[in-house]
Trainee: 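This is the structure I have questions about; it appears just below.
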Amino acid sequence: MSETRTRFAPSPTGFMHVGNLRTALYAWLLARSENGKFILRIEDTDQARYVENAVDVIYATLKKAGLDHDEGPDKDGGVGPYIQSERKNLYRQYAEQLVVSGDAYYCFCDKCESDDSEESVHDAADVCPCCTMDPAAAAEKVAAGEPHVIRQRIDRSGTSTFTDAVFGEITIENKVLDDQILLKRDNMPTYNFANVVDDHLMNITHVVRGSEYLSSTPKYNLLYRAFGWDIPTYVHLPLIMGRDADGNVSKLSKRHGSVSFENLVSEGYLPEAIVNYIALLGWSPKSDREIFTLNELAEAFRISGLNKSPAVFDYAKLRWMNSEYIKAMPFAEFAAAAKPFAGISGTFLEAQWEKIAALLHSRVEVLSDCAGMIGFLQAVPEFDLTLFVHKKSKSDIENTRTDLPLIREKLANITEWNAENISGALSAFAAEHEVKAGRPMWQARIAVSGCAVTPGGPGEIMEILGKDESLKRIDAAIARW
RNA sequence: GUCUCCAUCGUCUAGAGGCCUAGGACACCGGGUUCUCAUCCCGGCAACAUGGGUUCGAAUCCCAUUGGAGAUGCCA
């Protein structure tokens with residue numbers, strides 16, 4: 001029984017799509033759940049899409065997500081290099097081996113000849129004319145330096161069947177297969193070819209990838225067979241979808257919202273919450289449990305829990321899960337994580353951050369909510385006097401006009417300015433005037449905040465604002481009558 | 001167009017012939033607690049796409065239809 005080896009093979013495009021991250025996660029979980037190895041391989045065969053520092057983004061993302069790899073460009077396991085562009089010569093060598101065996105051929109056609117309709121592609125007549133070229137003549141052209149690609153020669157008769165660990169047995173007719181390009185004009189391999197070669201050379205036992213590769217899998221198998229290699233276990237994953245404006249769904253992409261790990265994190269989603277959420281998109285622990293640490297996921301992970309149908313990415317549920325993680329954070333940790341999102345650095349509020357954070361902790365779902373919730377602390381927004389009207393606490397514009405100066409008086413007499421005493425003063429006012437405590441509470445809170453909804457009540461808010469500022473705000477409100 | 005795959009509440013899902021008057025979670029709607037809001041607690045709404053089979057019995061098996069998605073790149 002050989003050791004389970006899975007790999008994550010991202011392209012360095014500069015950002016990590018959550019669908020991609022989920023693929024990495026499942027590959028990692030599979031390896032960890034079976035005490036195997038998780039390998040990182042960089043697929044940079046498309047030179048046109050090369051992005052500076054993109055590999056760093058990959059490292060950073062995996063690290064933040066907690067997906068540690070056992071082998072990779074920075075961790076040699078003996079089957080490297082782990083960056084495809086550094087393996088360039090290897091692919092040529094293997095491709096030429098297939099040319100010799102007759103399983104591939106040189107093609108000298110111009111790039112992109114059939115740009116017309118989509119229908120001719122699988123026509124039997126659509127085979128490349130180069131496939132019948134005399135091998136010796138073709139080799140001569142290659143030797144002469146003529147631009148060319150190497151194509152896989154596919155026998156279009158019969159059917160191909162393979163088994164996927166998630167989708168089961170799949171059979172297709174070979175006539176729908178095309179002579180795909182293995183080696184590009186620039187001497188780089190295509191994804192389709194490099195994958196087969198590398199997965200074999202790196203002893204990958206389980207190929208975990210999105211189901212968009214399901215229909216090209218037979219072509220990979222033909223390649224494995226031509227080389228005489230064992231076919232790995234395929235684990236195709238259901239796609240992650242986004243909701244389109246027209247109500248339909250399609251592969252999750254930028255138009256659906258933030259889809260990269262970095263964006264989500266910068267918006268205030270916690271890496272742990274993102275990982276937890278995407279783990280449940282297409283996989284189920286078969287129980288009612290939803291909150292898992294990474295290690296708990298690895299423990300619970302089974303291929304049999306993988307789903308076949310596409311899953312729609314639901315930002316609302318991610319939000320909820322993020323809020324669960326935030327609430328579960330130790331307070332000090334939350335305060336530290338939320339501070340950059342509060343927008344108070346350099347203001348008088350910075351010194352009050354601990355108190356502010358305490359109010360925010362149970363109310364923030366995504367860290368970026370912070371700034372909006374406490375904006376009123378910096379400056380009272382323009383507000384209409386009708387805000388003083390509140391049925392439940394029996395507050396209205398008229399009684400506020402008479403109450404506010406008296407409330408101010410009461411507050412001004414407080415010697416030790418803290419939430420408890422402020423609330424106490426307001427309650428005392430209510431008792432003296434035989435009204436519900438809610439009335440002065442509402443009146444005072446609106447006067448100092450200008451907001452119908454605030455995190456925390458008048459006592460907490462005024463404590464943070466300080467006595468001077470609080471009284472100043474009440475004076476400003478009084479002046480409006 | 002062709003090929004492949006998929007199909008349980010709006011969303012993520014449990015369910016692998018009787019345990020299902022279909023369970024959980026998010027969202028939504030009520031109620032309670034609370035100095036507004038949030039937290040917390042309680043409750044509610046809401047689904048087996050359709051039609052045929054198979055079977056004593058089907059959400060679960062088979063077929064068809066419909067719907068959706070993916071593939072069909074010298075992208076990955």
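Chain A is the first sequence line, chain B the second, and so forth, proteins listed ahead of strands; every chain is numbered from 1.
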Trainee: For A/Gly282, report the nucleic acid contact type (base, sugar-phosphate, nothing); a contact means any heavy atom under 4.0 Å.
Mentor: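 Sugar-phosphate, backbone atoms only, no base.
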Trainee: Is there a side-chain polar atom (N or O) of A/Lys327 under 4.0 Å from OP1 or OP2 of B/U39?
Mentor: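 No, no such contact exists.
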Trainee: Quickly work out the A/Leu281 CG to B/A25 P distance and round it to whole Å.
Mentor: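 Result: 18 Å.
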Trainee: OP1, OP2 of B/A69 versus side-chain N and O of A/Lys308: anything below 4.0 Å?
Mentor: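 Negative; the distance criterion is not met.
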Trainee: Base, sugar-phosphate, or nothing for A/Val149, non-hydrogen atoms under 4.0 angstrom?
Mentor: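 Result for A/Val149 = base.
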Trainee: Describe the nucleic acid contact of A/Thr454 in one word from base, sugar-phosphate, nothing, applying a heavy-atom distance below 4.0 Å.
Mentor: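 If one applies the 4.0 Å heavy-atom cut-off, A/Thr454 turns out to touch a base.
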Trainee: What residue among A/Thr217, A/Thr171, A/Ile172 forms side-chain contact (heavy atoms from CB on, under 4.5 Å) with A/Phe162?
Mentor: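 Result for side-chain contact (heavy atoms from CB on, under 4.5 Å) with A/Phe162: A/Thr217.
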Trainee: Give the rounded distance in Å between these two atoms: CZ of A/Arg243 and P of B/C12.
Mentor: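 One finds 8 Å between P of B/C12 and CZ of A/Arg243, rounded.
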Trainee: Which nucleotide sits closest to the side chain of A/Asp46: B/G23, B/U11, B/C75?
Mentor: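 Closest nucleotide to the A/Asp46 side chain: B/C75.
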Trainee: Do other residues, nucleotides or ligands put more than 12 heavy atoms under 6.0 Å from A/Glu416 CD?
Mentor: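 Atom CD in A/Glu416 is not packed in, count stays at 12 or less.
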Trainee: Atom CE of A/Met16 and atom P of B/A76: how far apart are they, to the nearest Å?
Mentor: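 Taking atom P of B/A76 as the reference, CE of A/Met16 is at 17 Å.
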Trainee: Mind checking who B/A22 pairs with, Watson-Crick or G-U wobble, both distances under 3.5 Å?
Mentor: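 Its partner: none found.
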Trainee: If you go through the side-chain atoms of A/Arg363, does one of them form a donor-acceptor pair with the base of B/U39 closer than 3.5 Å?
Mentor: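 Check fails, no donor-acceptor contact within cut-off.
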Trainee: For A/Asn418 and B/C35, give me the distance from atom CG to atom P, rounded to whole Å.
Mentor: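 From A/Asn418 CG to B/C35 P: 17 Å.
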Trainee: B/A76, OP1 or OP2 - any side-chain N/O from A/Thr45 closer than 4.0 Å?
Mentor: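 So the side chain of A/Thr45 is within the cut-off, an N or O lying under 4.0 Å from OP1 or OP2 of B/A76.
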Trainee: Between A/Asn307 and B/A14, is there a contact of a side-chain N or O with OP1 or OP2 at under 4.0 Å?
Mentor: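 Affirmative; the distance criterion is met.
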Trainee: Answer with yes or no whether A/Lys251 presents, from its side chain, a donor or acceptor under 3.5 Å of a partner atom in the base of B/A69.
Mentor: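 Answer is no: no donor-acceptor pair is held.
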Trainee: Are there more than 12 heavy atoms of other residues, nucleotides or ligands under 6.0 Å from atom NZ of A/Lys254?
Mentor: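 At most 12 heavy atoms, drawn from other residues, nucleotides or ligands, come within 6.0 Å of this atom.
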Trainee: Might you work through the ring-ring contact (aromatic ring centres under 6.0 Å, His included) test for A/Trp283 and A/Phe301, ending with a clear yes or no?
Mentor: CA-CA 9 Å; A/Trp283 172 80; A/Phe301 190 80; 5.6 Å; yes
Trainee: Between the base of B/A76 and the side chain of A/Tyr213, is one N or O donor paired with an acceptor at under 3.5 angstrom?
Mentor: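 Present.
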Trainee: Within 45° of the six-membered ring axis of A/Phe108 and under 6.0 Å from that ring's centre, is NZ or CZ of A/Lys141 located there?
Mentor: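 A/Lys141 over A/Phe108 ring: yes.
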Trainee: Once hydrogens and angles are ignored, does a donor-acceptor distance under 3.5 Å link the base of B/A71 to the side chain of A/Ser215?
Mentor: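 Not at all, since no donor on one side and acceptor on the other fall under 3.5 Å apart.
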Trainee: Rounded to the Å, how far apart are A/Trp320 CH2 and B/A38 C1'?
Mentor: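 Computing the A/Trp320:CH2 to B/A38:C1' distance gives 17 Å.
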Trainee: Is it true that the NZ or CZ of A/Arg92 lies under 6.0 Å from the centre of A/Tyr94's six-membered ring and within 45 degrees of the ring axis?
Mentor: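 No, A/Arg92 does not sit over the ring of A/Tyr94.
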Trainee: Phosphate oxygens OP1/OP2 of B/G15: is one of them under 4.0 Å from a side-chain N or O of A/Lys286?
Mentor: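 Yes, A/Lys286 has a side-chain N/O under 4.0 Å of OP1/OP2 on B/G15.
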Trainee: From C-beta outward on A/Ser309, which listed nucleotide comes closest to its side chain: B/U36, B/G10, B/A7?
Mentor: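 Taking heavy atoms from C-beta onward, the closest nucleotide is B/A7.
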Trainee: So, OP1 or OP2 of B/C35: does either fall under 4.0 Å of a side-chain N or O from A/Lys392?
Mentor: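 Answer is no, no contact under 4.0 Å.
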Trainee: Grab the CG-C1' distance between A/Leu183 and B/G73 for me, whole Å please.
Mentor: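 Between C1' of B/G73 and CG of A/Leu183: 16 Å.
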Trainee: For B/A76, take OP1 and OP2 only and decide whether either is under 4.0 Å from a side-chain N or O of A/Lys184.
Mentor: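 Indeed, a polar side-chain atom of A/Lys184 lies that close.
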